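Since this is a predicted model, take the numbers as computed values, not measurements.
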Amino acid sequence: MKKIFVCLVFLSSLTWSQDSFNFNFDYAQFGSNDTSNIIEFYYSFRQNELTKIETDSVNYVSAKLFIEMKDNSTGEYILNKVWNIKNPYFGDKAGAGSTSLMGVIGFYVPEGIYSAVVRGCDFVDTSKSREINETITVESRHGEKFTLSDIQLATNIKRENINKSSIFYKNQLEVMPNPLGVYSNTSPVLYYYCEMYNLNGTPGEKFQLNRLLYNSKGKEVYNKPKFIRADAGSIVDIGIINMLKYPTDSYTLVISLSDTSDNQGVATTKKFYMINPNVIDSSLISYRSSNFLSSEYGVYSDEDCDDLFAKSKYIATGEEIDQYKKLDSLNTKREFLFHFWNRRDSTPDTEDNEFKAEYYKRMEYVDRHYTSMVKDGYRTDRGRVYLIYGEPDQIDRFPSETNMKPYEVWYYNAIEGGVMFIFGDVTGFSNYELLHSTKRGEMQDENWQRRIQAN
């Protein structure tokens with residue numbers, strides 16, 4: 001073996017495991033030379049499931065990571081090693097329960113078929129453990145034929161202000177792995193990383209690169225193609241897919257590369273899981289009742305229906321928005337709203353629809369508190385954020401900062417390990433606009449202060 005490198009870090013991770021002990025693991029292969037690939041192992045331990053070790057100076061948690069790889073043809077072990085991992089204990093701090101010991105271990109592996117065993121356990125209580133067995137086939141990416149690496153799932157990929165000493169730095173990027181392979185409605189942004197090799201075609205010709213997403217039923221739900229130069233050599237493809245509009249399901253990401261001159265192609269795939277209780281899979285819907293005329297919506301006017309759906313669009317899927325636009329009668333709008341809210345009833349066996357009641361309560365609140373001279377409350381940025389995420393855990397108000405227009409900072413501690421939204425009264429008419437947020441998928445502007453500097 002030519003090289004082994006070990007990297008550890010303390011990062012935020014999702015809460016998901018199919019086993020009682022929350023140790024998660026994933027791997028990806030990348031081309032190296034004509035006889036070997038680099039295999040990167042990504043792993044995470046959930047901090048609050050590890051035993052706290054107390055000392056006079058600092059409390060910490062520790063875990064053991066064991067990896068072995070055996071060549072199936074020779075029986076030789078090319079790797080058989082245990083790593084002890086530890087980090088300071090932060091479990092007494094708010095949001096620390098969502099943090100994990102996370103890292104990457106990478107090494108060169110020659111071509112062949114290998115049996116791999118990966119085991120993670122608590123350093124103190126080794127009965128807290130999880131073992132994963134994999135068969136890994138290594139085929140060199142070196143050669144004349146164009147080919148692809150594996151797909152690496154990530155929670156973030158940074159292209160600017162990167163730290164070149166970061167353990168996740170490669171190819172001018174910082175790629176934060178997702179060993180869990182799970183995304184959710186609170187962390188819905190999927191990042192991916194894939195390398196392409198041997199693009200040594202004729203100058204002027206092109207390869208077609210397709211990024212596709214399939215649900216568990218094999219239905220294509222996403223397709224984003226692009227063309228790249230046939231003589232590009234070896235390059236990297238990175239991408240972002242916002243999964244917020246997709247329902248809870250398992251998905252397969254497919255990256256395919258084809259030569260447009262002869263229709264020859266290659267593909268690589270990666271499975272992951274999305275948890276999203278806010279989106280209902282329309283193929284699984286079964287209505288409790290179709291008697292919408294006897295419901296509250298049965299007396300709604302056309303304007304009432306349009307107003308309610310306008311206030312509800314923040315939680316509607318793109319498909320539902322398109323459906324509503326096509327409705328051409330009052331009764332179809334009433335029926336649509338009836339089913340819209342019934343689908344979101346988390347306890348359909350009870351008379352009350354708690355989800356609807358909570359959302360109506362939020363609508364009343366934002367119209368009462370955030371309506372301005374120019375906008376209804378639900379149309380304002382503060383109203384939208386309140387409707388989607390609910391009441392903040394903390395609001396800091398700054399009505400009269402020196403040389404600054406009024407602004408507010410909202411904190412949500414339970415979202416993505418803690419996020420904030422910053423709103424400013426840019427125009428001076430109490431219409432607070434969203435200036436910056438640390439929530440994924442929301443507006444981000446690190447220089448937001450410049451927008452509210454007083455003249």
Mind checking the [atom1]-[atom2] spacing from [X] to [Y]? Nearest 0.5 Å is all I need.
| X | Y | atom1 | atom2 | answer |
| --- | --- | --- | --- | --- |
| K356 | S312 | NZ | OG | 10.5 Å |
| E134 | I67 | CD | CD1 | 12.0 Å |
| W341 | D345 | CH2 | CG | 11.0 Å |
| F272 | L180 | CZ | CG | 12.5 Å |
| D71 | I113 | CG | CD1 | 9.0 Å |
| T371 | D376 | OG1 | CG | 5.5 Å |

Any chance the rings of [X] and [Y] have centres within less than 6.0 Å?
| X | Y | result |
| --- | --- | --- |
| Y386 | Y378 | no |
| F66 | W83 | no |
| Y389 | Y314 | no |

Would you say E220 and Y222 are linked by a side-chain donor-acceptor pair, where the criterion is simply a distance under 3.5 Å?
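No, because no side-chain N or O of Y222 sits under 3.5 Å from a partner of the opposite role on E220.
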Looking only at the side chains, is there a donor atom on one of N178 and T155 sitting less than 3.5 Å from an acceptor on the other?
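Result is no, nothing qualifies.
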Contacts table for residues 204-213: side-chain donor-acceptor under 3.5 angstrom, sequence neighbours left out:
residue	atom	partner	partner atom	Å
Q208	NE2	N210	OD1	3.2
R211	NE	Y192	OH	2.9
R211	NH1	K224	O	3.3

Please assess F421 against Y412 for the test ring-ring contact (aromatic ring centres under 6.0 Å, His included), listing each intermediate value before the final yes or no.
CA-CA 9 Å; F421 293 79; Y412 290 88; 5.7 Å; yes
[X] bridged to [Y] by N-O distance under 4.0 Å:
| X | Y | answer |
| --- | --- | --- |
| K170 | E40 | yes |
| K311 | D306 | no |
| E76 | K70 | no |

Is the [atom1] atom of [X] crowded by more than 12 outside heavy atoms at less than 6.0 Å?
| X | atom1 | result |
| --- | --- | --- |
| K158 | NZ | yes |
| E111 | CD | yes |
| E391 | CD | no |
| K145 | NZ | yes |
| R450 | CZ | yes |
| D322 | CG | yes |

Does some side-chain heavy atom of L434 sit less than 4.5 Å from a side-chain heavy atom of R382?
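Not touching, per the 4.5 Å side-chain cut-off.
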Return the minimal non-hydrogen interatomic distance between A267 and V254, and the atom names on each side.
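Looking at all heavy atoms of both residues, the closest pair is CB-CG1, 4.5 Å.
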Test side chain to side chain donor-acceptor pair (under 3.5 Å) on N48 and R46 and set out the steps.
CA-CA 6 Å; N48 64 358; R46 187 169 170 80; 3.2 Å; yes
Report the residue from I136, V109, V138 that forms a side chain to side chain contact (heavy atoms under 4.5 Å, CB included) with N37.
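Running side chain to side chain contact (heavy atoms under 4.5 Å, CB included) over I136, V109, V138 with N37 returns exactly one hit, V138.
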If the test is salt bridge (Lys or Arg N to Asp or Glu O under 4.0 Å), which one of K325, K245, R344 qualifies with E320?
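Of all the options given, the one that passes is R344.
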Before you tell me yes or no, could you show the steps for Y324 and E319 under side chain to side chain donor-acceptor pair (under 3.5 Å), namely the whole-Å CA-CA distance, both residues' side-chain angles and the distance that decides it to 0.1 Å?
CA-CA 9 Å; Y324 191 84; E319 182 181 3; over 6 Å; no
Determine the interplanar angle of the Y27 and F41 rings, folded into 0 to 90°, and report it as parallel if under 30°, tilted if 30 to 60°, perpendicular if over 60°.
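Perpendicular, since the angle between the ring planes exceeds 60°.
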